[in-house]
Amino acid sequence: LEDDEMETSDIQIFYKEESECQNLSQNSCPSSEVSHIYTPVKPRNYQLELALPAKEGKNTIICAPTGCGKTFVSLLICEHHLKKFPQGQKGKVVFFAVQLPVYEQQKSVFSNYFERLGYKVAGVSGATSENVSVKQIVENNDIIILTPQILVNSLKNGTIPSLSVFTLMIFDECHNTGKHHPYNMIMFNYLDQKLGGSSDPLPQVIGLTASVGIGDAKSTAEAVEYICRLCASLDTSVIATVKDNLEELEEIVYKPQKFFRKVESRTTDRFKCIISQLMRETESLAKSIFDEIEGISQIRNREFGTQKYEQWIVTVQKACTVFQLPDKDEESRICKALFLYTSHLRKYNDALIINEHARMKDALDYLKDFFTNVRAAGFDEIEQDLTRRFEEKLQKLESVSMDPSNENPKLKDLCFILQEEYHLNPESRTILFVKTRALVDALKKWIEENSELSFLKPGILTGRGKTNQNTGMTLPAQKCALDAFRTNGDKKILIATSVADEGIDIAECNLVILYEYVGNVIKMIQTRGRGRARGSKCFLLTSNAVVIEKEKINIYKEKMMNDSISMLQTWNEAVFKEKVLQIQIQEKVIRDSQGKVEPVPDKENKKLLCRKCKAFACYTVDIRVVEECHYTVVGDAFRKCFVSKLHPKPKSFGYFEKRAKIFCARPNCSHDWGIHVKYKIFEIPVIKIESFVVEDIATGAQKLYAKWKDFHFEKIPFDAKEMPK
Ligand SMILES: [Zn+2]
């Protein structure tokens, strides 16, 4: 159920997250956020303090709380940097933003601020990169705002030969510089140039963050080491924090009071009993057709209604799709049956999680929706049987969920907190964070249907990724939700998933409620940054003592981080630089020894089979790659293998026009295979590899891939000449 675990699906084939911002410029919902932050104002003393080492030309990480105006600090640094060049020389600044809303925001901030000073500002993001020459944009402008992947690509393909074209690089949310993040890819290039003895000048490097993080450090010594490694990645010589103007800072950024509330779960849960019984039955049905099911996964001691069960079922489902028998009809029958049993088990598990944190009614509605959809699709014997078993219990489930004595005590506590806070301050503005998207919907309904709370008029905000059941919000939809919360005083509460807590600027709110929600230390600091107004409070509400324990550990980690930074700031700068250099040399040796081995494509022709019913779909030799990331199949044979249905949400993107969804043509299967699009003048199917099983023709071995990029076969580019006239 976690957002990050359930990416992929057809939207990703087409609308890479970065591309969505195309819609943004034509955003029907006017955004109000730009103007209020950026009329040039007098810098505060602590902002001048933070900017100082960078103005002296030092590579700096600026670490200061969310909401203190780090963007303004970067404007000061940038302005000073561009003005310091003598006549005849020019500086060039690049500012990186990881997330699209931040990219958009920074682009307009920098334009507003610098264009009046006569500097040229431009930006390139994933959405605009295809239609512009990055090289020319970099050549013709003084300040360039980029999503980092653009620069990684341009360095790789040689459009930008070296980082020496820039004189200053600014990394927003620079704590991301690690592992294979594009920030680190850029810095690898920088460090290769630095350590490789090139005489070309390197740009000054500035990082901005609210929290450098400490990884898994268990002691201050380990935390110091972790921070040194981050500094090495960014070639940092100074960490700037506010020291001399702390009082002034604390007036601007108020830390909300934090409260922990341990609540009890239901003592008896009849809903859980009934669903667990259904799950046991479904599990034994699955076992009756395939008794080795227990041996598939390493996961032991699974319990219904947990994330662990979710992981178990996903593993089993994957393994079942590559299960093979000599009799292919028999194989198809068994694979399909297992697919259906595991899908049902997964839904039941979801429902138990909803039941745990919200109302029984919400969990039951979720299941009823699912069974309505099952009825509307293939509805074969197995599905009929499973539906009958559910319907036999339906009456009982209905009456259990209507029984007031089964109310969720956690919700009572949440209701109590909300009522009390709104009694104290009727103008309160609340953000309620929850773990999953299904819970966002459930809690919204609960508030709306609760006569004591319905005055809150809840809004919702979820991520742009797509999960297994719900399509995410688009960027314009996110902006609309945020604008409504900002400007409409009636909407007093915003229910959000974790994705909302980084990068998107949420208007001042004075009440943050974390509902069964826990994150790492970076997340915590940023969440806290949302409660800016004075007198703001943050509640952590959970039935799990471990969650409270974790949050206390996070607070301890934050202290360890602050202590470590203070310690590092007392080091002699030359000693620190030497330490950083040693780490950089070590890391480069490791990097170079690993090499960059491109995977060799396997030229052997392979079969693609429907992942659900195992019917033959096509051969890999018939697959063509369109615009480097979309996969179509040529030839008439394939057209008979699928059926298409008009897409509920047709969309255009670039040369593509999404028109229909395509499904396995076998009766009673109808597995989702991808979409049908108009590409230039051609009508072509676009398939997603996660819908298929790949079978080696010679050996019969089967493999699963979630993403095309992991499947290394000979990829032939799409050629219009091949297409029938
Ligand atoms: Zn099929």
Side-chain angles (χ1 to χ4, degrees), residues 8-10 12-13 285-286 289-290 313-314 316-347 370-371 373-387 468-469 605-620 622-623 631-648 660-677 684-697 700-708 711:
T8 74
S9 231
D10 62 340
Q12 273 218 331
I13 292 183
L285 286 168
I289 54 160
F290 183 56
I313 204 75
V314 169
V316 170
Q317 198 160 39
K318 275 190 186 156
C320 288
T321 49
V322 290
F323 166 73
Q324 284 174 299
L325 282 176
D327 180 345
K328 290 294 150 189
D329 282 338
E330 181 71 357
E331 176 186 311
S332 162
R333 189 185 66 79
I334 290 180
C335 282
K336 203 182 126 214
L338 289 173
F339 185 90
L340 291 175
Y341 290 134
T342 50
S343 307
H344 279 69
L345 282 168
R346 196 164 167 179
K347 289 289 169 183
F370 168 68
F371 279 100
N373 291 336
V374 169
R375 239 177 221 292
F379 209 50
D380 71 355
E381 281 155 40
I382 291 172
E383 286 170 317
Q384 287 167 29
D385 175 47
L386 290 170
T387 306
N468 54 335
Q469 55 257 132
N605 190 15
K606 302 209 163 36
K607 278 182 191 170
L608 256 58
L609 312 177
C610 172
R611 200 177 279 199
K612 185 169 165 190
C613 74
K614 293 295 191 74
F616 170 77
C618 67
Y619 290 105
T620 51
D622 295 324
I623 294 176
Y631 293 76
T632 188
V633 184
V634 294
D636 284 337
F638 184 63
R639 301 203 169 248
K640 297 190 186 79
C641 298
F642 66 83
V643 290
S644 56
K645 278 186 204 156
L646 283 185
H647 203 283
K661 283 178 75 70
I662 61 171
F663 302 91
C664 176
R666 267 222 199 162
N668 299 334
C669 176
S670 309
H671 191 45
D672 178 0
W673 279 8
I675 53 180
H676 212 273
V677 303
I684 56 169
V686 172
I687 56 172
K688 46 183 177 182
I689 190 63
E690 59 165 31
S691 300
F692 300 92
V693 176
V694 177
E695 186 179 272
D696 189 296
I697 296 173
Q702 297 189 337
K703 266 192 170 168
L704 299 180
Y705 298 93
K707 292 178 180 156
W708 284 108
F711 180 20

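Every number for a ligand or one of its atoms is a count from 1 in the order of the listing. The structure displayed is predicted, hence computed values, not measured ones. Computed over heavy atoms, backbone and side chain alike; hydrogens, waters and symmetry mates excluded. Each residue takes its place number in the sequence, starting with 1.
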Side chain to side chain contact (heavy atoms under 4.5 Å, CB included) partners of S691, counting only residues at least two apart | H671, W673, K688
Shortest non-hydrogen pair, F379 vs E383, comes out as N-OE1, 2.9 Å
Closest non-hydrogen atom pair between I662 and I675, with its separation | CG1-N, 3.8 Å
Can you check the number of protein N/O/S atoms within less than 2.8 Å of the Zn ion (ligand 1)?
-> 4
Is there side-chain contact between Y631 and I689, with heavy atoms separated by less than 4.5 Å?
-> no
What is the minimum heavy-atom distance between K640 and A665, and which atoms define it?
-> O-CB, 3.8 Å
Closest contact, heavy atoms only, T342 versus I313 | O-CG1, 3.7 Å
